Structure formats: C-alpha cells, structure tokens
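So the structure is just underneath, and the comments pick up after that.
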Amino acid sequence: MTHNVSLRGLSSSRRCARVAWLLLAGSVLTGELGGVARAEEALLPVPQTVSVSNGVASIGGGIQVVWDTRPSPLLRRAAARFTTRLAAIAGPAGRGTPYVLHISAGQDRAYLSVDEKERYALTTSVSGARLEADGPAGVMHGLATLLQLVRVAPQGALVERVHVEDAPRFAWRGLLMDVSRHFDTVETVERQLDAMELVKLNVLHWHLSDGAGFRVESRMFPKLQSVASHGQYYTQAQIREVVAYAADRGIRVVPEIDVPGHVLAILQAYPELAAQPLPDVSAKGLNLNNAALDPTNPQTLHFVRVLYGEMGALFPDRYVHAGGDEVVSSQWTKNPAIAAYMKAHGFETAAALQAAFTGEVAKIVSAQGHVMMGWDEVSEAPIPKNVVVEPWRASKWTGTATRAGHPVVVSAGYYLDLLRPSVAHYAVDPFDTKAEGITAEQLAKYPSKHPEFWAPFAMDEHALPLDDGQKALVMGAEGTLWAEMVSEPMLDGRLWPRMAALAERFWSGQDVRDVPDLERRLPLVMAELEATGLQATQHREVMREAMAPGHSEPLKILTEVTVPVRNYALNHLAASSGDAILSAPAAVTDPDAFVALRFNEMAARYVRGERRLAVPLREMLQRWSGNDAAFVVGAKGIPVLEAVVPVSHAVGLLSRAGLGVLDGREGSAWRIDASRLLQEQQAAFENSANMLASAHSPQPPGGLLIAILPGIRALLTGVAKPAE
C-alpha cells in the first residue's frame, strides 16, 4: 500500500516566506552569517541514539509512503498531516523520482495510556527511508523526527542521512492550559495540540474550572454555563471534538475540575454549597480564590459525584485532576458549623478535614472508572495511595509524595507563568528533590511576617535523593502556564518555545543538559512550529500594531532585546494597572529573546578572538542605538509606550557603549557611565530573580528587562560570562 505525499498546496508567497524564515532561523541557530545548521544537529527532543552518515538525500521529487503493515485510519491521518507539514517546510515537489518512506507499525492496545508503546527507529538513506515503530505513537514520533531532518538548500529540499533509535524517558509529558482565567477558543487549543505532537508531548492537562470561570457545558447543573462561565465555555460537542483531535495526535486529555478550593465561579452558580459568604467580586484587593466548598454539607459530595460523572463521560482518559490546592483553612475554621463538625469528628486541622474530603472524592472518581490526581497539598495528610500527586510548590514534595507511595507527575520548576527563560526550566530534572524552592538565603534576605505561608515553598536542603523505588513512581512531568497574565493572543508566545525545551527535558536522557546547544536549536524548532501553524510572531505583530498604530517597528526593535520581569513580578505590577499590562510592551516580549541571545553569544565569541564578528555586532548595535529616537517619537501620547521610554534610553546608551568598544573609542568617562548603567540594569534582574525578591523589590518601567547585558558587559570588560 502506498500513500503519495505531495509538497503542493501552500500559496507561493506564503510558502516562500516560510522557507525564508527557516533559512533565517538557521543563521540564528548557528550564530553564523548566512549559515544553516545540519538538520540532525537540530533534533529536539534529542533522541536516545543518532548515527550520522555522510551526505544528504534529495526529496525534491516528493515523498512516497509505502506501508509495510496495514495502516489504520489513525495512521493514514498521521501521514496526511505529515504531507501538509512537509509542504509548509520544504515547498512544492518537482517532477523527479519521489523519495520512498517505508513504514511498519505494531499493534498497541495500550495506545493513549501511560503504558503505550512509543519506541521507533528511523533510517534515512540516499534512495529512501524506513520507519519502524512498536505502535501508532511511535509512528507519529518518527514522522516528527523526519520533519526535523528536512532542510531547504539552494539546490532544493534535502533530508539528512541518519539512523535514529528512540524512546521517551518518561511516559507522562504534559502541558497544562488554564482556560479559566483567560478563555481560549477551540482553534487556539487545537493549535497547541499540533505543536505538542511535533515535539512529542503527549498529555494536555486542561484546567477547566477556577475562580474566574467554569468552562464546560453542564446539562446536570445548567447554571455552570449560564452563571459560572461568564459567557465563555465549551459545549460538550466541542469538548468531544478537542478530545478526538488530541487522540489523533497521540495526546491524552486530562481534565481538571477543582474542589474544594478555587471554586468561586461554581459557588456563584450554587452559593448554597459555600463554606463562607461569597466575596464582593467588584472589591479590589481581595483574593477571590479563597472561596471554598463546605465539605460537611451533604449536598457537596452529591454535587461532586454528579458533576464528575458528567464531566468524566466527556473524557475517556484514565485520570481526572481534582485540584485540591490552596484551600484557605479559615474558610472552614471560621464557620461555626464546620468547626463544630471538625471537633465532633476528631479533625484537629483543616488539612485533616481536607484529607477526609479528598478520600471521598477519590472514591467517587474511582467508582466512575477514573484515577484521581491532585496538587501536592492533598498529600499533607494521609490519603489513598493511588491518588496521583502533582508537586508544584517545591521539588521536595516529589520526595514526600513518592516516599508515601503515591505516583507523581512533577510540575515544580516548570511553571512557565514565572516567565523564566527556557534554560532555567530546562535545568530542572524531575528526579531532583532540590531543584526548585525558595532558599534559606532568600528567606533571610526577605523575612516575612507570615513565614508559615512560605514554608511549603522552601527548598529542603536536606532532602534525600529519590531511590529506585521512588523513581519508578515518577510518571513524568508537565509544563504549566497559569493564565492570569496571558490573554489568548499572547498564548502561543508564552507557551513556545519554552514548552519545546521542556519537551526535551521530559523525553531525553537525564544527561542531555547542554544549554548552549539547546539555545542553538530552539530558534529552528520554533521556526518549524510557526511554519506549520503556530502563530506567536503573527499575534505579536498584531498586538504591537494595536499599541503603536502605523509605527510599530520601533516597538518591535525594543522588544527584541528586552524580556519581561520574572517570578510573578508582572502580576504584582498588574495589581495596580489591571488588564492594561496585557496590552503593554511586556506582553509582546519573549522570555528567551532570540535576537538578544544571538548578540550575547556573538559578543562572547568576539572577545575570545573572532574579530570578524565585529561587522554584524556593529550592525546590531547601530540598529538599537538609532531606535531610541524613533521610539520616543512614536511613544508620544501613548501611555503604555511612554512608560518604557526609560528602558529605550538605556538600550540606546548601552548600544552606543558597545559601539565605542568596537570603534576603539578613547577615554574612560564613557566606560564608567556605561558600567554604572550596566549595574543598574543588572539590579533590575536581581529584583525579580525569585518570588520573594519580586514581591518586595521595585521593578523596571513597564516590567521590561534588558536582555543584551551579557553581551555589552563582555565587550566592555573583554571577558565573556554566562547570560543572566
């Protein structure tokens, strides 16, 4: 059986633009002018083994798929997606001999489960390729790898000659999307699923309810859409569509419906279930996430049973996430009836009462054919061992939960809403019990009036490493993006490329930790994701134009070399400005800032002796130096732009200092001024270097940090140091 893969279909202008973009990404990837990296050097995630043959093979005549085993409709659809994506990357096929791809796939009854077969082997030769997989998931992974082996050269589309043997390190490789705080359309959700397939992620953790809104149609409790959704929710038909769309791409969908906390939206619809009177949502300064269910009300568990039964029928996956985090004890202890119940039943603490409630929820979920998941708070008191715990507050909870016998999915260290760069998240290993947490030094520097609040987030410097039995309980990990500061147009840019870096951390071996190599590969991977459907760049362009109608280019140049403040500093800034921050320059900055990374890398090489890089460095510095005046003119009368004029000035001054070095400028006064400015800007980074610093320190104008500091410092001092 054959399946002919055509490279036709895209409009000429769109296709040419995407090919040019891939070529540009290649030059960014290598740090060379006009160079394109070898495709096998850009694979992400890094496979278990890669054997490289010399040379390439032409695929200018298209690709013909030959099925050596009978393909299911699922596999035929996977091949069709491969067709479309290859066209987006490689352009139209010529009339030459097609390149033949043989595929054989085993059967897998465990497909779309944590036990599915994901191993594959891929060989590309001069005349054709062979993909062998243990199951459907392996076929999809192999096709994703083959796409990354394709590159465009002057002589046409080529594929690198390699042999890959590959399988994932962890079975659970997830992405959490929060659609409660900012709702995302079905189209936007499906766009993320397409990107997930290409980097071998296999779980969408869909956070569907929280204080801001309940986002699923309920026929059993219709007020959940008429009241709690605030007019934005998915119909049950749309839920089934997304679940099927994900399943086609080898991705499981795990729903999260939070109880007993994070339930303000639910309680607005059904206030009789509340532990306390509901807050005035129009009042400022209140934490609206404090509202909790009354666990002593017999109707509460009835509500949970019926709701989970209805929601669980929409999601065939084995797991259901029930939340369980951030339950404020005073919601229960300050309710006289609940306090009396606790005393009568021997619950000395709210945590003990929550553990009993969690146990009941776990029974309900189990009776409905699912397994309950919960955030790490659920493990602070004894709960059923089969409940899957998701550590988020610190890495120590991975040790605590696995020591108690719980399966674990790790998210501590992988919170993308902290706006840390890819390399910071990439450095965290799911097995490391000391990787994430507030240090003793940080706590000493920023003493709190409520140390008990920060204690769960503190790093345990004495945490023991996981033993083999505990490691076996770690199912995998998830990248998590809470959406308080993420509107729908921002989503693609806030998730990617950092989620791609995490995809490698969750798939590849523990020893794959080369940070410069990751930074070298990420731009090309991001270019592939955008060529095949992701819209981060497109959305940023639209947002910039909305901020600066008719003259958005200076804003683009400024935001290429700046990054947003980190560790919830942007949330603190938004406390006074509200949603305005979502339409400000910080919203269109990239925590990775590829242009700045390239400059920093080139500046480091220049000071190590590669003097030929003076030309491109000078061009970049002249661009940024000259941009300041244009930005000031364009910002006039636009408050969100006027707010970051000081940042534009600083970028201009630092750029002129870099030019002074390249031009051999005499004197020392200008160097002293530049060094002082560098120190000021470095202090801005330190003011959001951790959660405590960001909560207590002043932040730079508009929440923008200047990302070219390492490169400027290298030029001024002649010494290359690591990036911020």
Side-chain angles (χ1 to χ4, degrees), residues 27-29 31 33 419-424 515-516 519-520 522-523 553-566 585-586 588-608 610 613-631 644-663 665 670-671 673-689 699-724:
S27 68
V28 173
L29 186 77
L33 298 177
L419 299 180
R420 297 168 181 170
S422 288
V423 297
V515 167
E519 291 182 331
R520 180 184 62 79
L522 278 180
E553 184 66 15
L555 176 59
K556 176 183 178 181
I557 294 172
L558 177 64
T559 53
E560 282 177 348
V561 295
T562 53
V563 295
V565 288
R566 301 165 180 172
V588 293
T589 53
D590 180 351
D592 280 328
F594 286 155
V595 172
L597 285 175
R598 185 186 180 199
F599 170 79
N600 294 336
E601 187 263 346
M602 291 170 64
R605 289 164 55 196
Y606 173 82
V607 301
R608 289 196 294 263
E610 292 188 48
L613 294 175
V615 173
L617 285 171
R618 180 176 285 106
E619 291 175 352
M620 297 171 87
L621 290 167
Q622 288 172 339
R623 172 181 168 87
W624 303 330
S625 173
N627 186 64
D628 184 34
F631 184 84
V644 298
V645 163
V647 180
S648 177
H649 288 337
V651 170
L653 290 170
L654 290 170
S655 299
R656 286 190 282 279
L659 288 170
V661 173
L662 295 179
D663 294 338
R665 183 179 175 186
W670 65 274
R671 284 181 175 271
D673 290 342
S675 296
R676 185 181 300 114
L677 182 56
L678 272 174
Q679 291 175 354
E680 292 173 359
Q681 297 303 320
Q682 177 60 37
F685 270 90
E686 294 169 358
N687 284 351
S688 66
Q699 299 302 322
L704 294 185
L705 299 168
I706 298 174
I708 58 172
L709 299 187
I712 299 295
R713 186 185 301 114
L715 293 176
L716 285 171
T717 64
V719 178
K721 293 184 178 181
E724 311 300 336

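Bear in mind the structure is a predicted one, so any value in this text is a computation, not a measurement.
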Would you indicate whether the side-chain heavy atoms of Leu716 and Val661 approach each other to under 4.5 Å?
yes

Using side-chain heavy atoms (C-beta onward) and a distance below 4.5 Å, is Leu715 in contact with Leu621?
yes

Could you give the distance from CZ (Arg713) to CG (Leu678), rounded to the nearest 0.5 Å?
6.0 Å

Looking at side-chain heavy atoms only, is the closest gap between Glu519 and Asp592 below 4.5 Å?
no

Using side-chain heavy atoms (C-beta onward) and a distance below 4.5 Å, is Arg598 in contact with Pro523?
no

Mind checking whether Trp624 and Leu654 have side chains closer than 4.5 Å, heavy atoms only?
no

Exercise: identify the closest heavy-atom pair between Pro564 and Ala586
CB-O, 4.3 Å

Is there a donor-acceptor contact under 3.5 Å from the side chain of Asn627 to the main chain of Ile557?
no

Between CD of Glu686 and CD of Gln681, what distance do you get to the nearest 0.5 Å?
11.5 Å

So, for Ala614 and Leu662, which heavy atoms are closest and what is the spacing to 0.1 Å?
O-CD1, 4.0 Å

Are Val565 and Pro700 packed together at the side-chain level, in the sense that at least one heavy-atom pair is separated by less than 4.5 angstrom?
yes

Taken to the nearest 0.5 Å, the spacing of Met620 CE from Met602 CE works out to 6.0 Å

Which of Thr559, Leu555, Val651, Leu558 passes side chain to side chain contact (heavy atoms under 4.5 Å, CB included) with Val644? Answer is Leu558

Minimum side-chain heavy-atom gap Leu617-Phe599 below 4.5 Å:
yes

With a 4.5 Å cut-off on side-chain heavy atoms, are Leu659 and Arg665 touching?
no

Look only at the side chain of Asp663 and the backbone of Arg618, and say whether a donor-acceptor pair between them is shorter than 3.5 Å.
no

Could you measure the distance from the OG1 atom of Thr589 to the CG atom of Leu419? Nearest 0.5 Å is fine.
7.5 Å

Rounded distance [0.5 Å steps], CD1 in Ile712 versus CZ in Arg656
11.5 Å

Give, for atom CG of Leu705 and atom OG of Ser688, the distance between the pair rounded to the nearest 0.5 Å.
5.0 Å

Check ion pair Glu560-Arg623 (N to O, under 4.0 angstrom):
yes

